[in-house]
There are 2 protein chains.
Amino acid sequence: MAVIRIENVVASTSLGRELDLQAIALALDGAEYEPKQFPGLIYRLKEPKTATLLFRSGKVVCTGAKSLEQVKTAISKVAKQIEAAGIVIKGEPKIEVQNIVASSDLGAKINLNAIAISLGLEKVEYEPEQFPGLVYRIDVPKVVLLLFGSGKLVCTGARKPEDVEAAVDKITAELKAAGLLK
Amino acid sequence: MAVIRIENVVASTSLGRELDLQAIALALDGAEYEPKQFPGLIYRLKEPKTATLLFRSGKVVCTGAKSLEQVKTAISKVAKQIEAAGIVIKGEPKIEVQNIVASSDLGAKINLNAIAISLGLEKVEYEPEQFPGLVYRIDVPKVVLLLFGSGKLVCTGARKPEDVEAAVDKITAELKAAGLLK
DNA sequence: AACCTATTTAAATACCCATTTAAATACCGT
DNA sequence: ACGGTATTTAAATGGGTATTTAAATAGGTT
(Lines give C-alpha, C1' and ligand atoms only; values in the text may rest on other atoms or scores of the structure.)
Protein backbone atom coordinates (compact mmCIF):
# COMPACT_ATOMS: atom_id res chain seq x y z
CA MET A 1 0.00 0.00 0.00
CA ALA A 2 1.42 3.30 -1.02
CA VAL A 3 2.02 5.89 1.67
CA ILE A 4 -0.10 8.95 0.98
CA ARG A 5 0.57 12.33 2.46
CA ILE A 6 -2.05 15.06 2.34
CA GLU A 7 -0.28 18.30 1.50
CA ASN A 8 -3.06 20.79 1.19
CA VAL A 9 -6.78 20.96 1.91
CA VAL A 10 -8.88 23.75 0.44
CA ALA A 11 -12.27 24.27 2.04
CA SER A 12 -15.04 26.84 1.96
CA THR A 13 -17.82 27.98 4.26
CA SER A 14 -19.67 31.19 5.10
CA LEU A 15 -19.82 33.49 8.07
CA GLY A 16 -23.46 34.11 7.28
CA ARG A 17 -23.45 37.84 6.67
CA GLU A 18 -21.86 40.55 4.61
CA LEU A 19 -18.48 41.60 5.88
CA ASP A 20 -16.84 45.00 6.03
CA LEU A 21 -13.45 43.85 4.81
CA GLN A 22 -11.98 47.28 5.33
CA ALA A 23 -12.83 47.12 9.04
CA ILE A 24 -11.63 43.54 9.35
CA ALA A 25 -8.37 44.47 7.66
CA LEU A 26 -7.75 46.93 10.47
CA ALA A 27 -8.84 44.51 13.18
CA LEU A 28 -6.80 41.50 12.10
CA ASP A 29 -3.09 42.04 12.46
CA GLY A 30 -1.20 41.09 9.35
CA ALA A 31 -4.29 40.90 7.18
CA GLU A 32 -3.73 41.78 3.53
CA TYR A 33 -6.50 43.55 1.70
CA GLU A 34 -5.91 45.18 -1.63
CA PRO A 35 -9.32 45.22 -3.33
CA LYS A 36 -8.03 46.60 -6.64
CA GLN A 37 -5.68 43.66 -6.84
CA PHE A 38 -7.95 40.94 -5.46
CA PRO A 39 -11.44 41.22 -3.89
CA GLY A 40 -10.71 38.93 -0.98
CA LEU A 41 -8.95 39.73 2.29
CA ILE A 42 -6.05 37.38 3.01
CA TYR A 43 -5.31 36.36 6.58
CA ARG A 44 -2.62 33.89 7.56
CA LEU A 45 -2.39 31.83 10.74
CA LYS A 46 0.87 30.30 11.90
CA GLU A 47 -0.93 27.45 13.63
CA PRO A 48 -2.39 25.68 11.81
CA LYS A 49 -0.28 27.17 9.03
CA THR A 50 -3.03 28.35 6.71
CA ALA A 51 -4.19 31.25 4.59
CA THR A 52 -7.84 32.19 4.88
CA LEU A 53 -9.60 34.33 2.33
CA LEU A 54 -12.55 36.42 3.48
CA PHE A 55 -14.98 37.94 1.01
CA ARG A 56 -17.48 40.77 1.21
CA SER A 57 -20.29 38.22 0.84
CA GLY A 58 -19.25 36.48 4.03
CA LYS A 59 -17.96 33.48 2.07
CA VAL A 60 -14.70 32.06 3.36
CA VAL A 61 -11.98 29.94 1.77
CA CYS A 62 -9.29 28.27 3.83
CA THR A 63 -6.15 26.93 2.16
CA GLY A 64 -2.96 25.26 3.28
CA ALA A 65 -4.35 22.94 5.96
CA LYS A 66 -3.08 19.37 6.14
CA SER A 67 -6.39 17.91 7.33
CA LEU A 68 -10.07 18.69 7.78
CA GLU A 69 -9.32 19.01 11.49
CA GLN A 70 -6.87 21.80 10.78
CA VAL A 71 -9.36 23.50 8.51
CA LYS A 72 -11.93 23.56 11.32
CA THR A 73 -9.41 24.83 13.81
CA ALA A 74 -8.24 27.55 11.47
CA ILE A 75 -11.71 28.78 10.58
CA SER A 76 -12.74 28.77 14.26
CA LYS A 77 -9.71 30.84 15.17
CA VAL A 78 -10.31 33.35 12.43
CA ALA A 79 -14.01 33.64 13.30
CA LYS A 80 -13.14 34.12 16.95
CA GLN A 81 -10.71 36.90 16.14
CA ILE A 82 -13.24 38.68 13.98
CA GLU A 83 -15.85 38.48 16.73
CA ALA A 84 -13.30 39.65 19.29
CA ALA A 85 -12.97 42.79 17.19
CA GLY A 86 -16.64 43.44 17.76
CA ILE A 87 -17.71 42.37 14.29
CA VAL A 88 -20.87 40.30 14.30
CA ILE A 89 -21.02 37.07 12.32
CA LYS A 90 -23.18 33.96 12.47
CA GLY A 91 -21.98 30.64 13.79
CA GLU A 92 -20.41 29.22 10.67
CA PRO A 93 -22.41 26.62 8.74
CA LYS A 94 -21.02 23.45 7.27
CA ILE A 95 -17.48 23.44 6.00
CA GLU A 96 -17.06 21.94 2.55
CA VAL A 97 -13.78 20.47 1.41
CA GLN A 98 -13.29 21.65 -2.16
CA ASN A 99 -9.94 20.15 -3.00
CA ILE A 100 -7.28 17.92 -1.51
CA VAL A 101 -3.74 17.86 -2.83
CA ALA A 102 -1.66 14.85 -1.83
CA SER A 103 1.65 13.26 -2.70
CA SER A 104 2.78 9.66 -2.84
CA ASP A 105 5.53 7.48 -4.26
CA LEU A 106 5.16 4.52 -6.58
CA GLY A 107 8.40 3.12 -5.18
CA ALA A 108 10.37 2.90 -8.42
CA LYS A 109 11.44 5.10 -11.30
CA ILE A 110 9.09 5.14 -14.24
CA ASN A 111 9.52 5.94 -17.94
CA LEU A 112 7.22 8.87 -18.64
CA ASN A 113 7.71 8.67 -22.41
CA ALA A 114 6.62 5.06 -22.44
CA ILE A 115 3.65 5.86 -20.22
CA ALA A 116 2.60 8.76 -22.42
CA ILE A 117 2.41 6.40 -25.39
CA SER A 118 0.71 3.38 -23.83
CA LEU A 119 -1.72 5.15 -21.50
CA GLY A 120 -3.45 6.93 -24.38
CA LEU A 121 -3.26 10.52 -25.54
CA GLU A 122 -6.81 11.26 -24.43
CA LYS A 123 -6.05 11.26 -20.73
CA VAL A 124 -2.35 11.99 -20.83
CA GLU A 125 -0.45 15.24 -21.34
CA TYR A 126 3.31 15.20 -21.27
CA GLU A 127 5.48 18.06 -22.40
CA PRO A 128 8.79 17.71 -20.56
CA GLU A 129 10.20 20.98 -21.79
CA GLN A 130 7.20 22.74 -20.39
CA PHE A 131 6.80 20.81 -17.17
CA PRO A 132 8.68 17.69 -15.98
CA GLY A 133 5.57 15.91 -14.79
CA LEU A 134 3.15 13.83 -16.84
CA VAL A 135 -0.47 14.89 -16.36
CA TYR A 136 -2.87 11.99 -16.05
CA ARG A 137 -6.60 12.54 -15.68
CA ILE A 138 -8.81 9.97 -14.00
CA ASP A 139 -12.60 10.10 -14.31
CA VAL A 140 -13.53 8.13 -11.19
CA PRO A 141 -12.58 9.49 -8.80
CA LYS A 142 -12.35 12.71 -10.79
CA VAL A 143 -8.79 13.75 -10.00
CA VAL A 144 -5.61 14.66 -11.80
CA LEU A 145 -2.30 12.96 -11.16
CA LEU A 146 1.08 14.43 -11.90
CA LEU A 147 3.56 11.61 -12.42
CA PHE A 148 7.29 12.15 -12.26
CA GLY A 149 10.19 10.08 -13.53
CA SER A 150 11.27 9.43 -9.94
CA GLY A 151 8.09 7.52 -9.28
CA LYS A 152 6.75 10.25 -7.03
CA LEU A 153 3.38 11.71 -7.80
CA VAL A 154 0.95 14.45 -6.89
CA CYS A 155 -2.81 13.99 -6.79
CA THR A 156 -5.13 16.98 -6.90
CA GLY A 157 -8.83 17.54 -7.34
CA ALA A 158 -9.81 15.00 -4.69
CA ARG A 159 -12.74 15.73 -2.38
CA LYS A 160 -11.89 13.19 0.27
CA PRO A 161 -8.82 11.17 1.31
CA GLU A 162 -10.33 7.98 -0.10
CA ASP A 163 -10.30 9.52 -3.56
CA VAL A 164 -6.53 9.85 -3.36
CA GLU A 165 -6.18 6.27 -2.24
CA ALA A 166 -8.39 5.06 -5.06
CA ALA A 167 -6.51 7.10 -7.64
CA VAL A 168 -3.11 5.86 -6.56
CA ASP A 169 -4.37 2.27 -6.55
CA LYS A 170 -5.74 2.80 -10.03
CA ILE A 171 -2.60 4.24 -11.60
CA THR A 172 -0.49 1.61 -9.86
CA ALA A 173 -2.61 -1.19 -11.28
CA GLU A 174 -2.61 0.31 -14.75
CA LEU A 175 1.12 0.79 -14.87
CA LYS A 176 1.75 -2.69 -13.61
CA ALA A 177 -0.69 -4.18 -16.10
CA ALA A 178 1.17 -2.38 -18.87
CA GLY A 179 4.51 -3.52 -17.54
CA LEU A 180 5.54 0.05 -16.90
CA LEU A 181 6.02 -0.35 -13.16
CA LYS A 182 8.15 -2.86 -11.31
CA MET B 1 -46.37 40.51 -24.31
CA ALA B 2 -42.73 40.70 -23.47
CA VAL B 3 -41.61 43.35 -21.03
CA ILE B 4 -39.21 45.72 -22.75
CA ARG B 5 -36.81 47.94 -20.92
CA ILE B 6 -35.08 50.80 -22.68
CA GLU B 7 -31.49 50.83 -21.47
CA ASN B 8 -29.89 53.56 -23.49
CA VAL B 9 -30.99 56.31 -25.85
CA VAL B 10 -28.45 58.06 -28.04
CA ALA B 11 -29.56 61.35 -29.57
CA SER B 12 -28.01 64.25 -31.41
CA THR B 13 -28.76 67.91 -31.93
CA SER B 14 -26.86 71.15 -32.42
CA LEU B 15 -26.26 74.27 -30.38
CA GLY B 16 -26.27 76.31 -33.59
CA ARG B 17 -22.81 77.80 -33.56
CA GLU B 18 -19.15 76.92 -33.35
CA LEU B 19 -17.99 76.22 -29.85
CA ASP B 20 -14.75 77.05 -28.10
CA LEU B 21 -14.36 73.69 -26.43
CA GLN B 22 -11.30 74.87 -24.55
CA ALA B 23 -13.35 77.61 -22.88
CA ILE B 24 -16.25 75.27 -22.18
CA ALA B 25 -13.90 72.75 -20.66
CA LEU B 26 -12.92 75.37 -18.09
CA ALA B 27 -16.48 76.49 -17.50
CA LEU B 28 -18.05 73.06 -16.99
CA ASP B 29 -16.84 71.33 -13.86
CA GLY B 30 -15.77 67.79 -14.50
CA ALA B 31 -15.69 68.19 -18.26
CA GLU B 32 -13.14 66.03 -20.06
CA TYR B 33 -11.49 67.46 -23.14
CA GLU B 34 -8.42 65.87 -24.63
CA PRO B 35 -8.44 66.85 -28.31
CA LYS B 36 -5.43 64.70 -29.23
CA GLN B 37 -7.30 61.70 -27.86
CA PHE B 38 -10.80 62.52 -29.06
CA PRO B 39 -12.12 65.71 -30.70
CA GLY B 40 -15.22 65.94 -28.58
CA LEU B 41 -15.61 67.34 -25.08
CA ILE B 42 -17.23 64.88 -22.69
CA TYR B 43 -19.55 66.13 -19.98
CA ARG B 44 -21.45 63.92 -17.60
CA LEU B 45 -24.60 64.68 -15.63
CA LYS B 46 -25.60 62.68 -12.59
CA GLU B 47 -29.29 63.41 -13.20
CA PRO B 48 -30.32 62.26 -15.67
CA LYS B 49 -27.26 60.00 -15.64
CA THR B 50 -25.90 60.79 -19.09
CA ALA B 51 -22.74 61.63 -20.98
CA THR B 52 -22.98 64.48 -23.46
CA LEU B 53 -20.41 65.02 -26.18
CA LEU B 54 -19.86 68.55 -27.45
CA PHE B 55 -18.04 69.23 -30.70
CA ARG B 56 -16.35 72.28 -32.14
CA SER B 57 -19.05 72.44 -34.78
CA GLY B 58 -21.73 72.92 -32.17
CA LYS B 59 -23.08 69.43 -32.78
CA VAL B 60 -24.10 67.56 -29.65
CA VAL B 61 -24.49 63.87 -28.85
CA CYS B 62 -26.22 62.70 -25.70
CA THR B 63 -25.83 59.11 -24.50
CA GLY B 64 -26.99 57.05 -21.54
CA ALA B 65 -30.52 58.38 -21.18
CA LYS B 66 -33.34 55.93 -20.52
CA SER B 67 -35.95 57.91 -22.47
CA LEU B 68 -36.40 60.78 -24.89
CA GLU B 69 -37.62 62.79 -21.92
CA GLN B 70 -34.31 62.31 -20.18
CA VAL B 71 -32.45 63.25 -23.33
CA LYS B 72 -34.31 66.56 -23.50
CA THR B 73 -33.72 67.25 -19.84
CA ALA B 74 -30.03 66.45 -20.13
CA ILE B 75 -29.44 68.61 -23.18
CA SER B 76 -31.35 71.52 -21.64
CA LYS B 77 -29.27 71.31 -18.50
CA VAL B 78 -26.03 71.25 -20.42
CA ALA B 79 -27.09 74.15 -22.64
CA LYS B 80 -28.11 76.15 -19.60
CA GLN B 81 -24.78 75.59 -17.92
CA ILE B 82 -22.90 76.67 -21.01
CA GLU B 83 -24.97 79.85 -21.28
CA ALA B 84 -24.52 80.51 -17.59
CA ALA B 85 -20.80 80.61 -18.29
CA GLY B 86 -21.41 83.48 -20.67
CA ILE B 87 -21.02 81.43 -23.80
CA VAL B 88 -23.55 82.25 -26.49
CA ILE B 89 -25.45 79.47 -28.22
CA LYS B 90 -28.72 79.26 -30.12
CA GLY B 91 -31.86 77.71 -28.70
CA GLU B 92 -31.26 74.09 -29.65
CA PRO B 93 -33.11 72.77 -32.70
CA LYS B 94 -34.82 69.42 -32.98
CA ILE B 95 -33.36 66.51 -31.10
CA GLU B 96 -32.98 63.35 -33.17
CA VAL B 97 -32.91 59.93 -31.55
CA GLN B 98 -30.16 58.01 -33.32
CA ASN B 99 -30.23 54.74 -31.47
CA ILE B 100 -32.17 52.95 -28.76
CA VAL B 101 -30.76 49.99 -26.90
CA ALA B 102 -33.28 47.85 -25.03
CA SER B 103 -33.42 44.52 -23.23
CA SER B 104 -36.17 41.96 -22.87
CA ASP B 105 -36.71 38.36 -21.92
CA LEU B 106 -38.30 35.62 -24.03
CA GLY B 107 -39.30 33.86 -20.84
CA ALA B 108 -37.58 30.56 -21.44
CA LYS B 109 -34.13 29.21 -22.18
CA ILE B 110 -33.32 28.83 -25.85
CA ASN B 111 -30.86 26.68 -27.78
CA LEU B 112 -28.61 29.07 -29.65
CA ASN B 113 -26.95 26.33 -31.67
CA ALA B 114 -30.29 25.14 -32.95
CA ILE B 115 -31.34 28.70 -33.70
CA ALA B 116 -28.12 29.40 -35.57
CA ILE B 117 -28.83 26.48 -37.85
CA SER B 118 -32.53 26.92 -38.52
CA LEU B 119 -32.69 30.71 -38.70
CA GLY B 120 -30.28 30.83 -41.62
CA LEU B 121 -26.64 31.81 -41.78
CA GLU B 122 -27.37 35.00 -43.72
CA LYS B 123 -28.88 36.84 -40.78
CA VAL B 124 -27.28 34.96 -37.94
CA GLU B 125 -23.80 35.17 -36.45
CA TYR B 126 -22.94 32.94 -33.53
CA GLU B 127 -19.42 32.40 -32.28
CA PRO B 128 -19.79 31.37 -28.62
CA GLU B 129 -16.08 31.38 -27.92
CA GLN B 130 -15.93 34.97 -29.05
CA PHE B 131 -19.16 36.20 -27.56
CA PRO B 132 -21.93 34.25 -25.78
CA GLY B 133 -24.74 35.98 -27.62
CA LEU B 134 -26.17 35.11 -31.02
CA VAL B 135 -26.37 38.09 -33.35
CA TYR B 136 -29.58 38.27 -35.32
CA ARG B 137 -30.20 41.00 -37.87
CA ILE B 138 -33.72 42.07 -38.78
CA ASP B 139 -34.41 44.21 -41.84
CA VAL B 140 -37.73 45.73 -40.80
CA PRO B 141 -37.42 47.34 -38.40
CA LYS B 142 -33.70 47.57 -39.12
CA VAL B 143 -32.29 46.46 -35.79
CA VAL B 144 -29.90 43.90 -34.41
CA LEU B 145 -30.85 41.47 -31.67
CA LEU B 146 -28.41 39.72 -29.38
CA LEU B 147 -29.99 36.51 -28.15
CA PHE B 148 -28.69 34.65 -25.12
CA GLY B 149 -29.16 31.11 -23.94
CA SER B 150 -31.05 32.34 -20.91
CA GLY B 151 -33.78 33.71 -23.16
CA LYS B 152 -32.78 37.30 -22.42
CA LEU B 153 -32.03 39.56 -25.33
CA VAL B 154 -30.69 42.94 -26.30
CA CYS B 155 -32.05 45.01 -29.16
CA THR B 156 -30.01 47.82 -30.63
CA GLY B 157 -30.22 50.05 -33.66
CA ALA B 158 -33.86 50.99 -33.05
CA ARG B 159 -35.00 54.55 -33.71
CA LYS B 160 -38.18 54.44 -31.69
CA PRO B 161 -39.63 52.23 -28.93
CA GLU B 162 -42.11 50.67 -31.35
CA ASP B 163 -39.19 49.25 -33.33
CA VAL B 164 -38.07 47.29 -30.30
CA GLU B 165 -41.57 45.98 -29.72
CA ALA B 166 -41.87 44.93 -33.36
CA ALA B 167 -38.48 43.21 -33.32
CA VAL B 168 -39.22 41.25 -30.17
CA ASP B 169 -42.59 40.19 -31.56
CA LYS B 170 -40.91 39.10 -34.76
CA ILE B 171 -38.19 36.98 -33.20
CA THR B 172 -40.71 35.47 -30.79
CA ALA B 173 -42.97 34.44 -33.65
CA GLU B 174 -40.10 33.05 -35.68
CA LEU B 175 -38.73 31.00 -32.83
CA LYS B 176 -42.14 29.63 -31.95
CA ALA B 177 -42.88 28.78 -35.56
CA ALA B 178 -39.61 26.85 -35.68
CA GLY B 179 -40.40 25.11 -32.43
CA LEU B 180 -37.37 26.72 -30.81
CA LEU B 181 -39.31 28.56 -28.12
CA LYS B 182 -41.82 27.19 -25.69
C1' DA C 1 26.69 26.47 -5.30
C1' DA C 2 22.89 28.17 -3.18
C1' DC C 3 18.75 30.76 -3.93
C1' DC C 4 14.77 32.42 -6.19
C1' DT C 5 11.52 32.32 -10.20
C1' DA C 6 8.59 29.93 -13.35
C1' DT C 7 6.34 25.81 -15.16
C1' DT C 8 1.49 22.35 -14.02
C1' DT C 9 -2.88 20.70 -11.54
C1' DA C 10 -7.36 21.37 -8.70
C1' DA C 11 -10.76 24.07 -6.01
C1' DA C 12 -13.61 27.73 -3.82
C1' DT C 13 -14.08 32.89 -3.56
C1' DA C 14 -15.18 37.56 -6.45
C1' DC C 15 -13.64 41.46 -8.57
C1' DC C 16 -12.18 43.83 -13.28
C1' DC C 17 -11.78 43.78 -18.19
C1' DA C 18 -12.75 42.38 -22.87
C1' DT C 19 -15.97 40.45 -26.05
C1' DT C 20 -20.55 42.13 -29.48
C1' DT C 21 -24.19 45.43 -31.43
C1' DA C 22 -25.96 50.20 -32.97
C1' DA C 23 -25.65 55.33 -33.58
C1' DA C 24 -24.25 60.27 -33.90
C1' DT C 25 -20.05 63.29 -33.50
C1' DA C 26 -14.95 64.55 -35.69
C1' DC C 27 -9.98 64.33 -36.09
C1' DC C 28 -5.66 61.74 -37.17
C1' DG C 29 -3.21 58.39 -39.87
C1' DT C 30 -2.75 55.14 -43.79
C1' DA D 1 -12.30 56.41 -47.87
C1' DC D 2 -11.51 53.36 -44.04
C1' DG D 3 -9.99 52.35 -39.41
C1' DG D 4 -8.98 53.61 -34.69
C1' DT D 5 -10.01 57.29 -30.84
C1' DA D 6 -14.36 58.19 -27.19
C1' DT D 7 -19.49 57.74 -25.17
C1' DT D 8 -23.47 54.70 -23.52
C1' DT D 9 -26.00 50.23 -22.54
C1' DA D 10 -27.78 45.43 -21.77
C1' DA D 11 -26.81 40.44 -22.20
C1' DA D 12 -23.23 36.09 -20.66
C1' DT D 13 -18.78 34.13 -21.06
C1' DG D 14 -13.81 33.68 -20.50
C1' DG D 15 -9.46 35.21 -18.65
C1' DG D 16 -6.54 37.40 -15.32
C1' DT D 17 -6.04 38.80 -10.28
C1' DA D 18 -4.82 35.96 -5.36
C1' DT D 19 -4.35 31.61 -2.00
C1' DT D 20 -2.23 26.87 -1.03
C1' DT D 21 0.61 22.57 -2.07
C1' DA D 22 3.60 18.71 -3.79
C1' DA D 23 6.46 16.96 -7.64
C1' DA D 24 11.12 18.13 -10.93
C1' DT D 25 13.05 20.88 -14.43
C1' DA D 26 15.12 25.30 -16.46
C1' DG D 27 16.60 29.83 -16.06
C1' DG D 28 18.33 33.78 -13.67
C1' DT D 29 20.69 36.11 -9.50
C1' DT D 30 23.75 36.73 -5.85
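Numbered from 1 within each chain, the chains take letters A, B, ... in sequence-line order.
- Between the C1' atom of dT19(D) and the CD atom of E34(A) lies a distance of 14 Å, rounded to the nearest Å.
- Contact annotation for R5(B): no contact, since no heavy-atom pair falls under 4.0 Å across all strands.
- Here the OG1-CG distance, from T63(A) to L53(A), works out to 6.0 Å after rounding to the nearest 0.5 Å.
- Atom CG of L21(A) and atom P of dC15(C) are 9 Å apart (whole Å).
- Here the options are N111(A), L175(A), I171(A), the test is side chain to side chain contact (heavy atoms under 4.5 Å, CB included), and the partner is L181(A); only L175(A) passes.
- If you check residues 124-150 of chain A against DNA chain D, the residues with a heavy atom closer than 4.0 Å are F131(A), P132(A), L146(A), F148(A), S150(A), listed by number.
- Counting heavy-atom neighbours within 6.0 Å of R17(A) CZ, excluding the residue itself, gives a total above 12.
- Between F38(A) atom CZ and dG15(D) atom P the separation is 17 Å, expressed in whole Å.
- Among the nucleotides dA12(C), dA22(C), dT19(D), the one closest to any side-chain atom of I42(A) is dT19(D).
- In this structure, L53(A) and N99(A) both approach DNA chain C, and ranking their closest nucleotides by distance from the 5' end singles out N99(A).
- Straight-line distance from the NZ atom of K109(B) to the C1' atom of dA11(D): 15 Å, rounded to whole Å.
- Per the geometry, CD belonging to E18(A) stands 15 Å off P belonging to dT13(C), to the nearest Å.
- As rounded to whole Å, 12 Å separates atom P of dA14(C) from atom OH of Y33(A).
- The residue T50(B) sits apart from the nucleic acid: no heavy atom pair falls under 4.0 Å.
- Distance check, rounded to the nearest 0.5 Å: CD1 of I75(B) to OG of S14(B) gives 10.5 Å.
- Taking the nucleotide of DNA chain C with the nearest heavy atom to each of V60(A) and T156(A), the more 5' of the two is matched to T156(A).
- Atom NZ of K59(A) and atom P of dA11(C) are 17 Å apart (whole Å).
- Residue E125(A) holds its CD atom at 9.5 Å from CD of Q130(A), rounded to the nearest 0.5 Å.
- With rounding to whole Å, N8(B) atom CG is found 12 Å from dA24(C) atom C1'.
- Of the listed nucleotides (dA18(D), dT19(D), dT25(C)), dA18(D) has the atom at the smallest distance from the side chain of Q37(A).
- With the nearest nucleotide of DNA chain D identified for both V154(B) and R44(A), V154(B) has the one nearer the 5' end.
- I138(B) and V135(B) are not part of a single hydrophobic cluster, where members link through side-chain heavy atoms under 4.5 Å apart.
- Under the side chain to side chain contact (heavy atoms under 4.5 Å, CB included) rule, T156(B) has a single partner from V144(B), N8(B), I100(B), L145(B), which is V144(B).
- For dA10(D), its base never sits under 3.5 Å from the side chain of S103(B) at any donor and acceptor pair.
- Sequence order on DNA chain D of the closest nucleotides to A65(B) and K152(B) puts A65(B) first from the 5' end.
- For the side chain to side chain contact (heavy atoms under 4.5 Å, CB included) test, residues two or more places apart in sequence or in another chain that qualify with K160(A) are E162(A), D163(A).
- Taking side-chain N and O atoms only, K49(A) has a distance below 4.0 Å to OP1 or OP2 of dT21(D).
- Of the candidate nucleotides dA24(C), dA24(D), dT21(D), dT21(D) has the atom nearest to the side chain of E7(A).
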